[in-house]
Amino acid sequence: MNIFEQYLDKIKKILLDLKKKGNLILPDSLEGVTAEIPPSKFNSDISTNVAMVLSKINKKSPIDLANTLLEEIKKNDKFVDEISVVKPGFINIKFKPIFWTNFIKEIIQNSNSFGINTRENKKNYLIEFVSANPTGPLHVGHCRGAILGDVIANVLLFNRHKVTKEYYVNDYGNQIINFTKSVYYRIREITFNEPFPKNNDDLYPGDYLSDFAKNIISSNKDMNFKNFDNISEKLTVLAIEEALKLIKKNLKTLGINHDNFISEKKLVANQEVEKVISFLQKNKFVYKGKIKAPVGEDDNNWVEREQLLFRSTDFGDDKDRALQKSDGAWTYFASDVAYHKNKLDRKFDYLINILGADHAGYIKRISSSVEALSNSKGKLICKVSQLVKLIKDKKPFKMSKRKGDYITVDDLISEVGKDATRFIMLNRSSDVELDFDFDNVIEKSKDNPLYYVQYSYARIASIFRHLEMDLKSNIKIDKFDFQYSDDEINILKKISEWPKCIDAASTKLEPHRIPTYLYELASLFHSYWNLGKDNPDKRFINDQKIITDEKLVFLKAISNVVKSGMDIVGVSVPEKM
RNA sequence: GCGCUUGUAGCUCAAUUGGAUAGAGCGCCUGACUUCGGAUCAGGAGGUUGAGGGUUCAAGUCCUUCCAGGCGCACCA
């Protein structure tokens, strides 16, 4: 039920009729023609720019054309109450109240599908997100991208697309060796009482490694930890298992659940890297050559080497990128290309990658590789989530308390909770840096958007509680002959925008639109609620008298949208707060 | 130096995919509690959308040149 789509259809039909009669010239596509909510000052319900879009081709002024169309619309639409042409050439329409009665009837009877875009073709998406190195717990830096990816998946799923959520496990390469060694030293610390090496920058100093060590010792009693080389392979597997166990626990705490965990190590073991590179070689995207030193960096110890390179400059990258290290091992990039080949082979319509701001520079080369692999047909979309600035006592504070010791997801959730973390991390566009104010997110006031939205739901729940009704169950109404007031229609108008909000969030992959929308809806609701103080007619319950079906349906419609939005964001809507 | 990205009210941010007189919250000023939950609401002040140029019927939004901040520019991952 998208009244804007419906209205656009109506207008297009009128346009085609006029064209048939020879009264109008139409371009090949009507793409630029839109139906929108006009700014509130116009006191109107829907507006269209059609006259302005068609004025040039018809050699008529937008105003004249609008006036002609106005007459046609008036003739064809029985719901029009007032219709007018406004300055540059907009046609504004105000509906009769019956329109809104029909609208609320429709969305109450189809509450499960309200908001879903039923017209677009359903696609198959793969979304890769988090993909943090399996060397320790998730920290705050991972959080925003994790939530962004999860909620994008939720929006797409809500819109009935097919979505696979995937985590790429970087369990191959130097850092994993260093990580395993670090775990090994912690094991020696425990079993042989040897101190953990100091001043070794390659090692991971975090305390959590001691827990990994303890777990490994206690579940591998027959293992001999005296010689690293003898056990390094097995220990690598065990250490990564420990790290992944912790990461999965952190993800669960955040309410995030991936479908697949894809191992880089397995890709390498299955020769997928060799295969993809020979594929690229056949198509002349790979060559042996040297990379030039970066400009502007002074006195560096740049060593020019001949190595296997990928021609990412063919696709607009700054320089070609190395695929193989001097010791013969694959670079991270090489196995990531193999991973993306693997993704492409699985025939998704779209591949989405969620990256942190510090990896934005990586986008060009990986998208280049996808173009090379798919003959420019693979649809890779990279979303970057900007940094989160933590604020406490009105002051920013550092993520890293001391070396290797970050504020973890666990720390964050135990302090402010899952709901606040998810809602606030999502409340802003992913393109801008986010201030995460600890004091504010746990505040129970309107300054905290989460509570403000939850409170609107709780208020509605409290009405249903007074009436001894269950807000969650459907209400049955025999007669829908309601008349809603202007205040109520105002909120219904906002509700009519819900499918538009979902549509934008889904097609632009911008889920922050949902918390923003919910806040606006909650705000209208709180205003309306307070009207009851001066005007008993506006109250939902008065002197123990039970409210009308009209108002019950109205409240139900609001709470449905709030609930459905909060479900997508992944936060709770308590009935009591 | 190069690439990506951001710049909107004192502060933090929206802005219906290019629409109309650019909107919210915080802060500031004024008001509403014998409450269907005041964890709320009503009103006021506050703007050359970083600067210039261009495209368009229409630009915060697109192009371009500057300015400023952030991130990144190896065989790390």
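Computed from a prediction, not measured in an experiment: that's the story for all the values here. Sequence lines set the chain letters: A, B, ... in the order given, protein chains first and strands last, and positions in each chain run from 1.
- Counting any heavy atom pair closer than 4.0 Å across all strands shown, Asn92(A) reaches a base atom.
- For the pair Trp529(A) and G38(B), the criterion of a side-chain N or O lying under 4.0 Å from OP1 or OP2 is met.
- Contact annotation: the side chain of Asn174(A) approaches that of Ile177(A) to within less than 4.5 Å [non-hydrogen atoms, C-beta and beyond].
- C57(B) and U40(B) are spaced 48 Å apart, taking the P atom of each and rounding to whole Å.
- Within 6.0 Å of atom NZ in Lys379(A), 12 or fewer heavy atoms from other residues, nucleotides or ligands are found, so the atom counts as exposed in its surroundings.
- Within the nucleic acid shown, Val303(A) has no heavy atom closer than 4.0 Å to any nucleic acid atom.
- Residue contacts for Thr331(A): at a heavy-atom cut-off of 4.0 Å it reaches the sugar-phosphate backbone alone, with no base atom in range.
- In this structure, Ser47(A) does not reach the A20(B) phosphate: none of its side-chain N or O atoms is under 4.0 Å from OP1 or OP2.
- Within the 4.0 angstrom heavy-atom criterion, no nucleotide atom of any strand lies near Glu443(A).
- In this structure, Ile366(A) atom CD1 and A77(B) atom P are separated by 14 Å, rounded to whole Å.
- Within the 4.0 angstrom heavy-atom criterion, base atoms lie near Pro39(A).
- Distance from the side chain of His526(A) is smallest for C41(B) among the nucleotides C41(B), A20(B), C57(B).
- As a whole-Å value, the separation of Lys493(A) NZ from U16(B) P is 18 Å.
- Nearest to the side chain of Gln386(A), among C13(B), U5(B), A77(B), sits U5(B).
- Nucleic acid contact class of Tyr362(A) (heavy atoms, under 4.0 Å, all strands): base.
- Looking at heavy-atom distances under 4.0 Å, Glu575(A) makes contact with a base.
- Taking atom P on both G7(B) and U12(B), the two are 12 Å apart, rounded to the nearest angstrom.
- Nucleotides A9(B) and G46(B) have their C1' atoms positioned 6 Å apart, rounded to a whole Å.
- Within the 3.5 Å criterion, the main-chain N or O of Glu443(A) finds a donor-acceptor partner in the side chain of Asn448(A).
- Nucleic acid contact for Ser429(A): sugar-phosphate only, since backbone atoms but no base atoms lie under 4.0 Å from a heavy atom of the residue.
- If you check every strand for non-hydrogen atoms under 4.0 Å, Lys319(A) touches sugar and phosphate atoms only.
- Using a 4.0 Å heavy-atom criterion, one finds that Ile176(A) contacts no nucleic acid atom at all.
- Backbone-only contact: Lys56(A) has heavy atoms under 4.0 Å from sugar-phosphate atoms and none from a base.
- Classification of Arg321(A) and Asp336(A) as a salt-bridged pair fails, no side-chain N sitting under 4.0 Å from a carboxylate O.
- Atoms CG (Leu434(A)) and P (C11(B)) sit 18 Å apart, rounded to a whole Å.
- Note on Lys343(A) versus Glu128(A): salt bridge recorded, some NZ/NE/NH1/NH2 to OD/OE distance being below 4.0 Å.
- By the 6.0 Å contact criterion, CD on Glu306(A) is enclosed, its count of non-hydrogen atoms from other residues, nucleotides or ligands being greater than 12.
- Going from the C1' atom of A15(B) to that of A24(B) covers 10 Å, rounded to whole Å.
- Distances from the side chain of Gln175(A) to the nucleotides A14(B), A77(B), C71(B) place A77(B) closest.
- OP1 or OP2 of G72(B) has not a single side-chain nitrogen or oxygen of Lys364(A) nearer than 4.0 Å.
- Picking from A20(B), C76(B), A42(B) the nucleotide with the shortest atom distance to the side chain of Lys87(A) gives A20(B).
- Minimum atom distance to the side chain of Asn174(A) is reached by C76(B), of the listed C76(B), G70(B), A39(B).
- Side-chain contact between Phe464(A) and Asp470(A): absent, with no pair of heavy atoms (C-beta onward) separated by less than 4.5 Å.
- Between Tyr168(A) and Tyr332(A), the ring planes are tilted. Angles from 30° to 60° get that label.
- A39(B) is unpaired under the criterion used here, namely a Watson-Crick or G-U wobble arrangement in which both key atom distances are under 3.5 Å.
- What separates CZ of Phe310(A) from P of A74(B) is a distance of 17 Å, to the nearest Å.
- Between the P atoms of G18(B) and U6(B), the separation comes to 14 Å (whole Å).
- Going from atom CD of Glu433(A) over to atom C1' of A14(B) covers 18 Å, rounded to whole Å.
- Counted within 6.0 Å of CD on Glu468(A), heavy atoms from surrounding residues, nucleotides or ligands total 12 or fewer; the atom is thus considered open.
- Both Lys533(A) and Gln324(A) lie near RNA chain B, and the one whose nearest nucleotide falls closer to the 5' end is Lys533(A).
- In this structure, His512(A) reaches the A15(B) phosphate: one of its side-chain N or O atoms is under 4.0 Å from OP1 or OP2.
- Using Watson-Crick or G-U wobble geometry with both donor-acceptor distances under 3.5 Å, G60(B) finds no partner in any strand shown.
- A distance of about 12 Å separates the P atoms of G60(B) and G23(B), rounded to the whole Å.
- One can place CZ of Arg513(A) at 6 Å from P of U16(B), the figure rounded to the nearest angstrom.
- Proximity note for His466(A) (side chain, C-beta onward) versus U16(B), G19(B), G37(B): the nearest is G37(B).
- Residue contacts for Ala458(A): at a heavy-atom cut-off of 4.0 Å it reaches a base atom on one of the strands shown.
- Between Lys292(A) and Asp431(A), the residue anchored closer to the 5' end of RNA chain B is Asp431(A), taking for each the nucleotide with the nearest heavy atom.
- When the P atom is used for both C13(B) and U8(B), the distance is 9 Å, rounded to whole Å.
- One interatomic measurement links the two molecules: CZ of Arg428(A) to C1' of A24(B), which rounds to 9 Å at whole-angstrom precision.
- In this structure, Arg365(A) fails the cation-pi test against Phe310(A), since its NZ or CZ atom is not both closer than 6.0 Å to the six-membered ring centre and inside 45 degrees of the ring normal.
- The nearest whole Å value for the distance from the CZ atom in Phe525(A) to the P atom in A42(B) is 13 Å.
- Across every strand in view, G3(B) sits in a pair with C71(B) that passes the Watson-Crick or G-U test at under 3.5 angstrom.
- The C1' atoms of U64(B) and G72(B) are separated by 24 Å, rounded to the nearest whole Å.
- The stacking criteria are not both satisfied for Tyr452(A) over the base of A39(B), which would need a centre-to-centre distance under 5.5 angstrom and an angle between ring planes under 30 degrees.
- As judged by a 4.0 angstrom heavy-atom cut-off over every strand, Ala357(A) is placed among residues touching the sugar-phosphate backbone only.
- Of the candidate nucleotides U12(B), G38(B), C73(B), G38(B) has the atom lying nearest to any side-chain atom of Arg459(A).
- Counting any heavy atom pair closer than 4.0 Å across all strands shown, Ser462(A) reaches a base atom.
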